[in-house]
Amino acid sequence: MFSWHNLGPLIRVEQRLNSTTYLSIVADQVHPMMLMAYPNGDGFFQQDNAPCHGARIVQEWFQEHEGDFILLRWPPQSPDLNPIKHLWDKVKRAIRQLVPQPSNLTELDSAIHQAWCQIPRITFQHLVESMPRRIAAVLKAKGGPTKY
């Protein structure tokens with residue numbers, strides 16, 4: 001996760017990401033960070049339409065905590081709105097440039113964390129600031145492709 005202020009921690013998921021695992025991450029990692037960063041409940045939380053995000057137990061948890069932050073509704077078929085994909089692209093590019101390449105999961109995990117921590121603040125701030133333009137572009141394209 002990330003906000004205009006900073007990058008959040010990377011959470012390594014050792015198994016398939018199902019609704020129970022996702023809810024555990026949201027409740028144990030994301031929720032406390034949101035409360036700390038946005039104590040007035042005015043922070044926005046964005047997730048896409050992955051099946052684990054729409055699971056009943058996840059939706060019920062968000063309803064129980066609706067005063068803690070604002071959950072953005074995600075339109076179907078709109079990957080253009082997901083700014084974190086740009087950050088993952090930066091991480092992947094940094095990993096591809098490593099010589100030698102990571103040779104095991106421990107080295108890969110370390111390289112990913114290092115690349116994540118080296119993303120310049122201005123990069124994620126620009127992504128947050130671009131959200132109104134992204135939303136307007138998707139609305140104008142009626143959910144179709146955009147330049148984002």
Side-chain angles (χ1 to χ4, degrees), residues 1-39 41-62 64-66 68-135 137-138 143-148:
M1 70 181 253
F2 73 99
S3 71
W4 191 89
H5 302 285
N6 56 31
L7 295 171
L10 293 179
I11 301 161
R12 184 174 178 175
V13 178
E14 303 265 343
Q15 68 277 5
R16 188 168 193 258
L17 186 62
N18 58 29
S19 58
T20 304
T21 304
Y22 179 68
L23 180 55
S24 174
I25 292 168
V26 169
D28 299 341
Q29 304 287 328
V30 176
H31 186 236
M33 290 191 69
M34 291 292 289
L35 291 175
M36 191 169 36
Y38 302 99
D42 56 351
F44 291 94
F45 184 75
Q46 181 178 2
Q47 59 184 1
D48 60 22
N49 287 323
C52 62
H53 299 170
R56 181 178 298 169
I57 61 168
V58 172
Q59 293 305 308
E60 288 172 355
W61 186 92
F62 277 112
E64 291 170 14
H65 296 85
E66 66 183 342
D68 296 343
F69 49 83
I70 301 159
L71 178 64
L72 295 177
R73 291 185 332 152
W74 190 274
Q77 309 290 325
S78 294
D80 298 319
L81 292 178
N82 196 345
I84 201 160
K85 292 193 184 297
H86 293 276
L87 298 182
W88 284 125
D89 183 57
K90 290 208 171 286
V91 169
K92 289 175 190 174
R93 288 177 192 217
I95 301 297
R96 279 191 221 112
Q97 292 177 358
L98 292 177
V99 177
Q101 286 284 292
S103 61
N104 58 50
L105 286 177
T106 302
E107 289 179 6
L108 180 59
D109 188 58
S110 177
I112 290 169
H113 276 82
Q114 185 174 3
W116 179 257
C117 291
Q118 291 177 350
I119 295 173
R121 179 177 298 273
I122 194 74
T123 300
F124 51 86
Q125 288 178 340
H126 282 167
L127 286 171
V128 170
E129 291 166 356
S130 75
M131 287 308 295
R133 293 187 304 276
R134 290 170 183 272
I135 292 168
V138 168
T146 70
K147 70 177 185 174
Y148 298 103

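For the residue pair Thr106 / Asp109, no side-chain donor-acceptor distance below 3.5 Å is found, with atom types taken as modelled.
Between Pro9 and Met33, the closest side-chain pair of non-hydrogen atoms falls below 4.5 Å. Using a 4.5 Å heavy-atom cutoff, the side chains of Phe62 and Gln47 are in contact. Counting heavy atoms from C-beta on, the side chains of Val13 and Tyr22 never come closer than 4.5 Å.
Across all non-hydrogen atoms, the minimal contact from Tyr38 to Ser3 is OH-CB, 3.4 Å. Heavy atoms only, all atoms of each residue included: Asn18 and Cys52 are closest at C-CB, 3.6 Å. Taking both residues in full, the closest heavy atoms of Ser103 and Glu107 are given as N-OE1, 2.7 Å, listed atom of the first, atom of the second, then distance. Closest non-hydrogen pair, Thr123 versus Lys90, comes out as CG2-CE, 3.4 Å. The shortest heavy-atom contact between Ile119 and Phe124 is O-CE2, 4.0 Å. Listed here is the closest heavy atom pair of Ala27 and Pro32: O-CD, 3.4 Å.
Surrounding CZ of Arg12 are more than 12 heavy atoms belonging to other residues, nucleotides or ligands, all under 6.0 Å away. Within 6.0 Å of CD in Gln114 there are 12 or fewer heavy atoms belonging to other residues, nucleotides or ligands.
To the nearest 0.5 Å, the span separating CG on Asn82 from CZ on Arg134 amounts to 8.5 Å. Taking CD1 of Ile84 as the start and CD of Gln46 as the end, the distance is 9.5 Å to the nearest 0.5 Å. For the atom pair CE of Met1 and CD1 of Ile25, the computed distance is 12.0 Å after rounding to the nearest 0.5 Å. Taken from SG in Cys117 to CG in Leu10, the straight-line distance is 7.0 Å, to the nearest 0.5 Å. Atoms CD1 and CG, on Ile135 and Leu72 in that order, are 6.5 Å from each other to the nearest 0.5 Å. Rounded to the nearest 0.5 angstrom, Ile70 CD1 and Phe44 CZ are separated by 4.0 Å.
At distances below 3.5 Å, at least one donor-acceptor pair connects side-chain atoms of Gln59 with backbone N or O atoms of His53. Side-chain atoms of Gln101 come within 3.5 Å of backbone N or O of Ile95 as a donor-acceptor pair. Using modelled atom types, one side-chain atom of Ser130 and one backbone atom of Leu127 make a donor-acceptor pair closer than 3.5 Å.
Under a 4.0 Å N-O distance rule, the pair Asp89/Arg93 qualifies as a salt bridge.
By the 30° and 60° cut-offs, the orientation of the rings of His31 relative to Trp61 is perpendicular.
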